[in-house]
Amino acid sequence: MEDKAKHASAIKDANIVLFGAKGVGKTALTVRYITKRFIGDYDPDMEAIYSHICLVDGKQFNLQIMDTGWQTETSDIKEDQLQWADAFLIVFSLTDRFSFDIAQGFLTYVCSNREDVRTPVIFLGNKCDLIHRRTISEKEASHVADSHSCQYLETSASENYAGVVHAFAELCRQIKVVNKKKEKLKKLMQKPSVAKKLQIRQSLRNFAERTWRSRTSTV
Ligand SMILES: Nc1nc2c(ncn2[C@@H]2O[C@H](COP(=O)(O)OP(=O)(O)OP(=O)(O)O)[C@@H](O)[C@H]2O)c(=O)[nH]1
């Protein structure tokens, strides 16, 4: 019982990085999530890391949220940002097609360059309160997310605090699943019988590769 209580309150560290074009609401989302407030105007182009402790499904997460300055090119994404992250929020504005196009590029780039193929990514359409200025449909955006096997969500940093909390909570849930898988694999690798099997498999693979190379080099 005591063990269970300890387990429930164990704090997991998790780093989240937000990417997105200028003015899509990266700072508004982060500040809204942490302070519950929507302030309206923020210092543009300032990179900052915010700390926040949250509780998701009885588990505490010690979040470090990196609100990056805006980017327009995938080359603006830094290698250390990709390595640092345990999860990504790729944000665009539902009222701005240019930001959607940029976000698609980021999604492709992050999905193929993240540290681990299992690192969670959520594609996020923000400003859903601006119904009359909306230019990207839910169908179009979720199709893009599906093609990268990512979750798609819509938020309004200004009007819907619960939606913002939901987006961060979903990331925490996905991080939890990935961490569990990693731990399981680590434990498995510590078993001598499994390590032996993997070693044999690798040797066979190396042998097959060598044979294939020697055959193709004599052709
Ligand atoms: N209506 C509405 N406005 C929003 C929402 N989120 C952000 N904004 C507004 O959009 C503008 C840009 O928001 P920021 O949070 O500064 O956007 P950002 O992505 O951090 O911008 P950069 O730092 O320049 O990249 C501000 O005027 C916000 O008030 C939203 O959900 N709805």
Side-chain angles (χ1 to χ4, degrees), residues 14-52 54 63-82 84-111 113-114 119-142 144-145 148 150-172:
N15 298 338
I16 295 175
V17 174
L18 283 87
F19 286 127
K22 191 175 172 62
V24 294
K26 298 179 294 297
T27 310
L29 286 162
T30 311
V31 172
R32 179 73 146 139
Y33 177 53
I34 290 169
T35 67
K36 299 188 183 173
R37 292 189 183 161
F38 178 72
I39 297 159
D41 274 318
Y42 308 91
D43 249 345
D45 200 19
M46 255 189 42
E47 180 172 309
I49 297 180
Y50 300 82
S51 294
H52 184 64
C54 67
L63 299 182
Q64 302 287 319
I65 305 171
M66 186 190 284
D67 168 21
T68 59
W70 53 275
Q71 307 86 24
T72 45
E73 308 271 346
T74 51
S75 57
D76 296 332
I77 292 177
K78 297 176 195 132
E79 183 61 37
D80 54 352
Q81 292 171 330
L82 292 173
W84 184 80
D86 296 306
F88 297 94
L89 273 181
I90 311 273
V91 188
F92 63 93
S93 166
L94 289 160
T95 64
D96 176 3
R97 180 152 290 273
F98 181 59
S99 77
F100 179 63
D101 293 342
I102 288 176
Q104 285 186 65
F106 288 167
L107 189 62
T108 307
Y109 186 79
V110 167
C111 285
N113 290 283
R114 57 194 156 173
T119 303
V121 182
I122 288 184
F123 199 44
L124 194 72
N126 188 40
K127 306 196 185 185
C128 67
D129 56 293
L130 300 175
I131 299 164
H132 302 296
R133 287 174 48 196
R134 183 176 185 127
T135 50
I136 294 103
S137 71
E138 187 173 354
K139 194 175 167 196
E140 185 179 5
S142 52
V144 170
H148 289 83
C150 294
Q151 187 176 11
Y152 172 64
L153 291 173
E154 295 192 351
T155 48
S156 163
S158 65
E159 303 299 325
N160 186 359
Y161 170 66
V164 176
V165 172
H166 176 67
F168 281 94
E170 280 298 291
L171 268 191
C172 290

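Both ligands and their constituent atoms are indexed starting at 1 by order of listing.
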Expected output: side-chain [X] to main-chain [Y] donor-acceptor under 3.5 Å:
{"X": "Lys26", "Y": "Ala21", "answer": "yes"}
{"X": "Arg32", "Y": "Ala157", "answer": "yes"}
{"X": "Asp86", "Y": "Asn15", "answer": "yes"}
{"X": "Asp76", "Y": "Glu73", "answer": "yes"}

Look at atom 8 (N) of ligand 1 and find which of Glu159, Lys127, Arg32 reaches it with the closest heavy atom. Lys127

Proximal candidate to atom 6 (N) of ligand 1 [heavy atom criterion; set Asn126, Val91, Thr95]: Asn126

Indicate yes or no: does an N/O atom of [X] lie under 3.5 Å from an N/O atom of ligand 1?
{"X": "Thr155", "answer": "no"}
{"X": "Gly69", "answer": "no"}
{"X": "Ala28", "answer": "yes"}
{"X": "Val24", "answer": "yes"}
{"X": "Gly23", "answer": "yes"}
{"X": "Ser158", "answer": "yes"}

Can you tell which part of Ile39 has a heavy atom less than 4.0 Å from ligand 1: side chain, backbone, both or neither? neither

Heavy-atom contacts under 4.0 Å between Asp129 and ligand 1: side chain, backbone, both, or neither? side chain

Pull out every atom of ligand 1 sitting under 4.0 Å from any heavy atom of Ser156, numbered as shown with elements. 31 (O)

Only heavy atoms of Leu130, strictly under 4.0 Å: list the atoms of ligand 1 that pass. 1 (N)

Under 30°, 30 to 60°, or over 60°: which ring-plane class applies to Tyr33 and Phe168, parallel, tilted or perpendicular? parallel

Over all atoms of both residues, closest heavy-atom pair of Gly125 and Tyr152: N-CE1, 3.7 Å

Can you tell me which residue among Phe19, Phe92, Phe88 is in a ring pair (Phe, Tyr, Trp, His ring centres under 6.0 Å) with Phe123? Phe92

Rounded to the nearest 0.5 Å, what's the gap from CG on Asn160 to OG1 on Thr155? Could you check? 8.5 Å

